[in-house]
There are 2 protein chains.
Amino acid sequence: MLSMKKETRKQEIIRVASKLFKNKGYSAVTMRDVAKAMDMKAASLYNHINSKQAILQDIILNIAEEFTSGMAMVLAKDNSNVERLNALIALHVRIAVENPEGLAALNTDWMHLEEKLDYYLQLRNDYENNFRNIIANGIENNQIKSIDVEVILFSMLSTLRSLYLWLPKKGTVNQKDLTESLAQILIEGINK
Amino acid sequence: MLSMKKETRKQEIIRVASKLFKNKGYSAVTMRDVAKAMDMKAASLYNHINSKQAILQDIILNIAEEFTSGMAMVLAKDNSNVERLNALIALHVRIAVENPEGLAALNTDWMHLEEKLDYYLQLRNDYENNFRNIIANGIENNQIKSIDVEVILFSMLSTLRSLYLWLPKKGTVNQKDLTESLAQILIEGINK
DNA sequence: TCCACAAACTAACGTTTGTTAGTTTGATTA
DNA sequence: TAATCAAACTAACAAACGTTAGTTTGTGGA
């Protein structure tokens, strides 16, 4: 009976809210907007959630922690640096396919986290440091071209972090194909 | 006496506002925030600008039109497709260095354009189509690897559009070096 | 049948929002 | 000196904001 649980009303509100957040951003979405999308009155939302801010925290921190544990699994395996980069590409694709709306909130509304802002920034910073170390290690060991580490890092992260933006356009995505195409482009380049 | 004009009060407000928009987003910035940053009262802003919305339009449309004319210049020259991609990388770097705050508004707040939204989307769509055609042409002529055109397009655009995010971290940037590193990564890849 | 409880409701609150109207100030020009 | 004008001000507005309090409704178990 694994994963047969029905979505609670709270989870439903958070899911609907994250869809609205994706379109207009956290600040431009009102509790009355969320309520209308749920077909109820704004005050009724508070039977299920504590505050607007709590919705944002739930959305963003769940994903941030998913990235953190994903990175931990990548580092746990004894793979080459390039294989690790491939695994990270797959991680980003998987999360983007599963929850593009949540990723939108994470990418564009993280600065509206209040009490949890520092915690989020810590997770993001740790993640970037781990990513950076893999690239730097690859350069040291002559597996990756000797280009500015920061430029490589942010070039890869920019693409991977923007996946949520154009992934929905493609209807049902073949996750494996997309991962392979991205790996090809990000690692081997496009020049023939 | 070229380019000796002093910044008008209106331009100053728009510049200050775009800096605030970059940090918190258009919706989360109030006219009183802008006023405080200008060291005046909110009502006084209206001696110089017509509305909050007009500020956003000024910021975004100026940049969008700069991309449009930049693309036109790239297409005007009789270059190879790969050379054209290089020129577009240089275009994005140049605009990002000149006006990272404005680019932030364009990338994250374009959906809050009201009357001008359709016009903006038309410019963006045209730009993407031109970019896409260059890549498709390169594949047809065997200059670019035969990978899904959409994946290549959005991989490149994601990186170029995110430049404003991490460019300020690097202090004074050597525009030429950055352009070359990016071209290397985006076109030749990072694998050795 | 009665009770409990989840989940909706109405009504209202204090605050903040973008914006307008009318006024004052201080420097430049006639 | 008097007139002009850009650019600031004070005061206020109606609307929208997140949220709270207290109440009603409908369903399932004792």
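A quick note: this is a predicted structure, and the numbers were derived from the prediction, not measured.
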Tell me the interatomic distance from [X], atom [atom1], to [N], atom [atom2], rounded to whole angstroms.
X	N	atom1	atom2	answer
Ile13(A)	dA8(C)	CD1	P	7 Å
Tyr46(B)	dC13(D)	OH	P	18 Å
Ile49(A)	dT19(D)	CD1	C1'	10 Å
Lys36(A)	dG18(D)	NZ	P	14 Å
Asn50(B)	dT20(C)	CG	C1'	13 Å
Asp33(A)	dT19(D)	CG	P	14 Å
Leu45(B)	dC9(D)	CG	P	9 Å
Leu20(A)	dG18(D)	CG	P	12 Å

Is [X] touching bases, backbone alone, or none of the nucleic acid, heavy atoms closer than 4.0 Å?
X	result
Val34(B)	nothing
Arg32(B)	base
Thr30(B)	sugar-phosphate

Does [Y] offer a backbone N or O that forms a donor-acceptor pair with the side chain of [X] under 3.5 Å?
X	Y	value
Thr179(A)	Gln175(A)	yes
Asp148(A)	Glu150(A)	yes
Asn107(A)	Leu103(A)	yes
Lys52(B)	Val29(B)	yes

Under 4.0 angstrom between [X] side-chain N/O and [N] OP1 or OP2:
X	N	result
Lys52(A)	dG18(D)	yes
His48(B)	dA6(D)	no
Ser44(A)	dA7(C)	no

**Closest to the Ala43(A) side chain, choosing from dA8(D), dA21(D), dT19(C)** =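 In terms of side-chain proximity for Ala43(A), the closest of dA8(D), dA21(D), dT19(C) is dA21(D).
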**Fill in**
Judged by nearest nucleotide, the residue sitting upstream toward the 5' end of DNA chain D, Ser27(A) or Asn47(A), is Ser27(A)
**Prompt:** Any side-chain heavy atom of Phe131(A) within less than 4.5 Å of one from Leu85(A)?
**Reply:**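 Touching, per the 4.5 Å side-chain cut-off.
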